[in-house]
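Written out below as C-alpha cells is the structure these notes cover.
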Amino acid sequence: MIKTKAYAAHSSTGALAPFELHRRNPGAEDVQIEILYCGVCHSDLHTARGEWHNTQYPCVPGHEIVGRVVAVGDGVRGFKVGDLAGVGCMIDSCGHCHSCHEGDEQYCENGFTGTYNGPVFGGENTFGGYSRTIVVKESFVLHVRHDEKDLARVAPLLCAGITTYSPLRHWGAGPGRKVGIVGLGGLGHMGVKIAHALGAHVVLFTTSPGKSDDGKQLGAAVVCISTSPEQMAAQANQLDFILNTVAAPHDLDAYLQLLKRDGTMALVGAPAEPHPPSNVFNLIFKRRRIAGSLIGGIKETQEMLDFCADHQILSDVETIPIDYINTAYERMLKSDVKYRFVIDMASL
Ligand SMILES: [Zn+2]
Ligand SMILES: [Zn+2]
C-alpha cells in the first residue's frame, strides 16, 4: 500500500483537516499519479458538508486532478512514467451496460464510481484529489497535452470544462447558433470560453453588472444583466440553446422565454433544493425543452482536453495552499473567486 497525505472532512459540520490514507499498489492496468494541482469544485463543498445527504466520512474531495505519472502497471500501454495526466469525476464504471458501451460512463446504468465518495449507488468509499498521490485504472486516466507551466489552469477542465463542453457539443453550439450561458462562476466562465471557441454567438447572463467587461473578455458577444427587464426582453425568442450553470434555485421561466421554437435549456448546476416549478405554457407554445446534463464520458473528456489544448483554453484560477481550503469554501459561497480555486498540492 502507498501512504499519502490528504485533507478530509470528518463530519458535515467540521472543517477539513489533515488526514492520512492509503492507495493500492498499482495493478497491471493501473496508473499512479503524483497530484500537482487539484481544482475546487462546488460539488466538493456540497459533499464535504453532506448537503446532498449521501456523504461517506471521512470525505477527501477533489475531482479536478492533474499531475505526473510516477508508476504504471505491466499492462498499461497509453501512459509512461513522466507523462502529464488528469483524472476527472469518475474512476470506474460497470463497463458493460448500454451507456458504458456508448462511451457515456457518466450515465452508467449500474452507477459509475466517483473519484471521491464512492459509487453513486453506494459502496466502498473513495478518496479524491485533495491528496498527494492517486492510483486509477488506465481507462479512466486522461492525457494532458497543455504546456506544463499551465497545469494549474488545466485542472478545472476535468470537471468544469467537461460539464460545459459536453452539453454544448450535444446541442450543437457552433457557427450560426446563438447560445446563452447563465451564470459567470466556475462553470459559466468555462461555458463562455468553450462556446465562443466552438464558434457560437454567446450571450452571457449575469446578475452582476460588474462582470460585464470580464464576460466580454472571456468571449461573450453580449452580456445581459438578468435583473434588467429591458435587457432580458431584448433576448426573448432569440436563443437556440441555453446552458444554465446556476446552482441555486431560481426562476427558470425567465430564461425559457428567451429560447426560439424547439430550443433547449440544459441545467448543469445542482441546487440542494429544487427550482420553483416552471410554467408549462412556456414549453408547449414553442416546443421548448428543459434538459439536464452530467459531466461527460471519458472519450469526450479527452476530446475536450485536446480541443482546449488546441485552442489554448485554460481556466481562470486563484492558486491556493491546502490549508486555505476552509477559507476558500467560504469565499466560494460568496462567489468571491475569479473563477476557480486550485490547490497547489506541493503545499500538502
Ligand atoms: Zn465537479
Ligand atoms: Zn455501465
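Read the numbers this way: they start at 1 and go in the same order the structure lists the ligands and their atoms.
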| said: Around atom NZ of Lys260, are there more than 12 heavy atoms from other residues, nucleotides or ligands closer than 6.0 Å? | reply: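 Counting other residues, nucleotides and ligands, NZ of Lys260 exceeds 12 neighbours.
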
| query | Just wondering, more than 12 heavy atoms not from Arg24 lying within 6.0 Å of its CZ? | reply |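 More than 12 within 6.0 Å, yes.
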
Does [X] bring an N, O or S atom to within less than 2.8 Å of the Zn ion (ligand 2)?
X: His96; answer: no
X: His98; answer: no
X: His101; answer: no

| query | Hey, what's the ring geometry for Phe19 with His10, parallel, tilted or perpendicular (30° and 60° as the breaks)? | reply |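 Geometry flag for His10 against Phe19: perpendicular rings.
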
| message | Between His189 and Gly185 (side chain of the first, backbone of the second, donor and acceptor by atom type, cut-off under 3.5 Å), is there such a pair? | response |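 Yes: the side chain of His189 pairs with the backbone of Gly185.
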
| message | Quick check for you: with the Zn ion (ligand 1) as the vertex, what angle do SG of Cys159 and SG of Cys41 span, to 10°? | response |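 The angle at the Zn ion (ligand 1) comes to 130°, rounded to the nearest 10°.
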
